[in-house]
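Here's the structure we're looking at; comments come further down.
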Number of protein chains: 2
Amino acid sequence: MVQIPKEPAPPSPLQRSVPTSADVARLAGVSRATVSYVLNNTSAVRISEPTRRRVHEAAKELGYVPHAAARSLRAGHSRLVLMPTPNVPIGPLYSQFINEIQWALSRLDYTVVQHGGIGLRGDDAARAWAELRPVAVIVPGVGLGPQGVAVLKRSGAKAVVTLTPEPVEGAHALILDHAGVGHSAGRHLVERGRRRIGVVVPEEPGFGVFSQPRLAGVRRAVQGTDATVTELPLAYDEAAAARLARDWRSLGLDAVFAYNDEYAMLVMRALQDEGVGVPGETAVVGADDLMLGRLLRPRLSTVHLELPSGRHLAELVDRVVRDPASVPTTHDVLGARIVHRESS
Amino acid sequence: MVQIPKEPAPPSPLQRSVPTSADVARLAGVSRATVSYVLNNTSAVRISEPTRRRVHEAAKELGYVPHAAARSLRAGHSRLVLMPTPNVPIGPLYSQFINEIQWALSRLDYTVVQHGGIGLRGDDAARAWAELRPVAVIVPGVGLGPQGVAVLKRSGAKAVVTLTPEPVEGAHALILDHAGVGHSAGRHLVERGRRRIGVVVPEEPGFGVFSQPRLAGVRRAVQGTDATVTELPLAYDEAAAARLARDWRSLGLDAVFAYNDEYAMLVMRALQDEGVGVPGETAVVGADDLMLGRLLRPRLSTVHLELPSGRHLAELVDRVVRDPASVPTTHDVLGARIVHRESS
DNA sequence: TTGAAAGCGCTACCAT
DNA sequence: ATGGTAGCGCTTTCAA
């Protein structure tokens with residue numbers, strides 16, 4: 001990139017700086033206003049056909065691309081929808097979900113962007129997002145408090161939608177009932193006569209926000225019964241699983257609820273390799289209802305978590321953006337239900 | 001959001017519009033310049049401690065967040081690194097990879113953003129990215145031609161890094177050798193005496209850019225031998241796999257290379273349910289070396305694809321951004337190697 | 001039908 | 001030590 005230093009250089013075709021609408025105007029022999037009218041085909045103004053052509057040709061020749069920042073600065077708003085990138089490796093379920101949202105919002109003419117603010121937490125993260133002046137923010141997982149919501153709204157975000165276990169003051173909340181996931185699993189196991197339930201919790205950092213509510217849900221499910229709940233921290237790693245399996249019989253458990261289907265597979269495989277019968281000796285239940293579970297033998301019982309459809313969520317966002325007052329800050333709770341197969 | 005229409009209203013504390021640095025200046029009783037100096041602690045200028053305090057307090061009280069667009073418009077450049085979101089559901093391998101990159105680039109003080117431009121293809125996508133004036137673009141998968149690279153560079157992108165099977169003119173290319181993946185698998189199967197190789201290719205749209213090169217690699221590996229290659233389109237779906245397995249013996253194949261470990265599991269399970277012995281009757285090889293494969297029985301042979309470390313990639317980007325000329329547009333080829341386990 | 005010009009929020013140069 | 005101010009690229013009245 002050649003930097004032309006001080007003197008205003010005569011416009012040369014070889015000039016390597018970024019073309020602006022003024023360059024297009026100059027080349028087409030019209031004003032910047034006309035360029036804007038043509039390229040946005042502003043309906044309020046009629047431009048003659050020859051002029052339009054000249055402008056389009058000039059733009060193409062220069063490889064002109066409008067400057068989004070300048071545009072939205074002038075307009076006073078953007079069509080940017082921001083989602084923070086979760087800072088844990090995501091599963092196929094969530095990956096699919098993200099894609100649906102992006103697709104649906106694209107159809108509504110929003111620009112969707114995932115913001116990779118690793119290491120920023122709480123209000124710092126919210127401030128980082130607010131700098132981009134998004135018109136809406138969709139926050140999965142936790143880490144956003146009422147403060148953060150306020151920052152975003154003050155910065156012009158019309159809609160803040162959270163996908164968390166708990167509602168957040170000021171935001172439109174879709175309650176992902178992780179406790180409900182644990183509760184479904186726990187109740188199912190108790191009903192099937194299990195009494196000593198282990199709950200596998202990932203050791204990897206960052207999963208706690210999901211795994212702890214799930215664990216709490218299991219605890220709630222066994223209240224009033226004589227069943228017990230044992231927390232089992234586990235790394236996603238063959239050796240760790242083998243160690244757990246080796247000690248299994250001394251733990252005296254007759255059931256295990258794993259954080260999700262992948263951890264469930266890890267544990268089930270280790271148990272089987274150790275000669276522990278599933279479900280005879282130990283019942284295994286996973287979560288997220290991945291394809292994976294149906295392919296295991298025995299087929300894996302799991303908890304299906306109902307995510308909102310991308311279309312649904314996109315329409316919610318759009319409605320709130322268009323008229324924030326029209327949509328009350330609903331707290332829709334998304335259901336979780338057990339899918340009983342063979343492992344429990 | 002209350003819009004104050006025409007008349008310049010007296011500044012009211014209840015005013016709900018987005019606070020600017022001018023508001024901060026007014027509240028602190030200083031000029032906008034001073035606000036800027038303080039909030040960016042500009043070292044070239046010394047501001048008295050009392051003034052600093054007043055500015056900081058005013059900013060906090062108003063909930064002031066700087067406007068990134070205005071800032072980068074003024075500065076003439078941004079620290080934005082853009083990655084398009086792949087429009088197919090991503091696996092754990094890639095998800096992990098993305099996270100590493102974001103982490104590493106965050107450390108270098110870049111803002112990383114994934115752009116969800118579903119439905120935009122080729123140069124349209126490049127233009128959409130260019131509107132955001134990123135300082136660098138990292139493009140996994142294909143869909144970006146030399147034209148697209150040119151558009152990005154003209155718009156001020158200092159670095160364009162592609163992660164594709166083929167180098168792209170003008171970009172710094174890291175060659176993900178998908179053909180090499182297929183080749184490793186094919187050669188391995190031939191060496192183990194297999195002669196009639198099926199290759200499972202996802203039916204879902206969007207995978208072709210990876211699966212076709214992998215298929216081609218297998219074809220290349222069997223050249224000069226008497227082995228044959230059969231393309232097997234397959235949906236990621238139990239019923240489809242069962243159908244394939246039912247017809248398996250009439251196909252007369254003695255080996256199958258699946259698109260990745262997940263498809264391999266799907267196929268292997270269906271074959272086993274049909275009574276087809278693995279690896280006795282049919283060898284199975286997957287790809288991507290997921291944890292999954294080690295948990296299957298028999299343990300899944302797979303092709304390990306070497307992705308660059310996030311740190312490595314981030315440093316490449318940073319070096320190119322700092323001095324584009326200093327780094328030649330290298331074409332690093334990333335290796336693929338077979339991991340032989342029990343299924344082949 | 002087209003052009004001149006103001007101004008979005010911010011930073012950096014030049015005065016004071 | 002602080003303030004005035006020009007100008008980044010764009011859209012949109014208002015005038016001609």
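The chains referred to below are lettered A, B, ... by the order of the sequence lines, with proteins before strands, and numbering in each begins at 1.
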Practice task
Rounded off to whole Å, could you give me the CG-to-P distance for the B:Leu39 and C:dA12 pair?
Solution key: 13 Å
Practice task
To the nearest Å, give me how far apart CG (A:Asn40) and P (D:dC10) are.
Solution key: 10 Å
Practice task
Could you tell me whether A:Glu131 atom CD has more than 12 heavy atoms of other residues or ligands within 6.0 Å of it?
Solution key: yes
Exercise for the section: Look at the side chain of B:Arg133 and the backbone N and O of B:Leu73, then say whether any donor-acceptor pair between them is shorter than 3.5 Å. Expected result: no
Exercise for the section: Could you check how far CG of A:Asn41 sits from C1' of D:dT11, rounded to whole Å? Expected result: 14 Å
Handout entry: N/O donor-acceptor pair under 3.5 Å between B:Asp23 side chain and B:Thr20 backbone
Key = yes
Handout entry: A:Val135 vs A:His77, side-chain contact (heavy atoms from CB on, under 4.5 Å): CA-CA, chis, key distance, verdict
Key = CA-CA 7 Å; A:Val135 69; A:His77 61 255; 5.9 Å; no
Practice task
For A:Arg311, look at atom CZ and say whether over 12 heavy atoms of other residues, nucleotides or ligands are found less than 6.0 Å away.
Solution key: no
Exercise for the section: Quick one, give me the B/S/- string for nucleotides 2-9 of chain D, reading 5' to 3', where B means a protein heavy atom under 4.0 Å from the base and S means that only happens at the primed atoms, P, OP1 or OP2. Expected result: BBBBBBBB
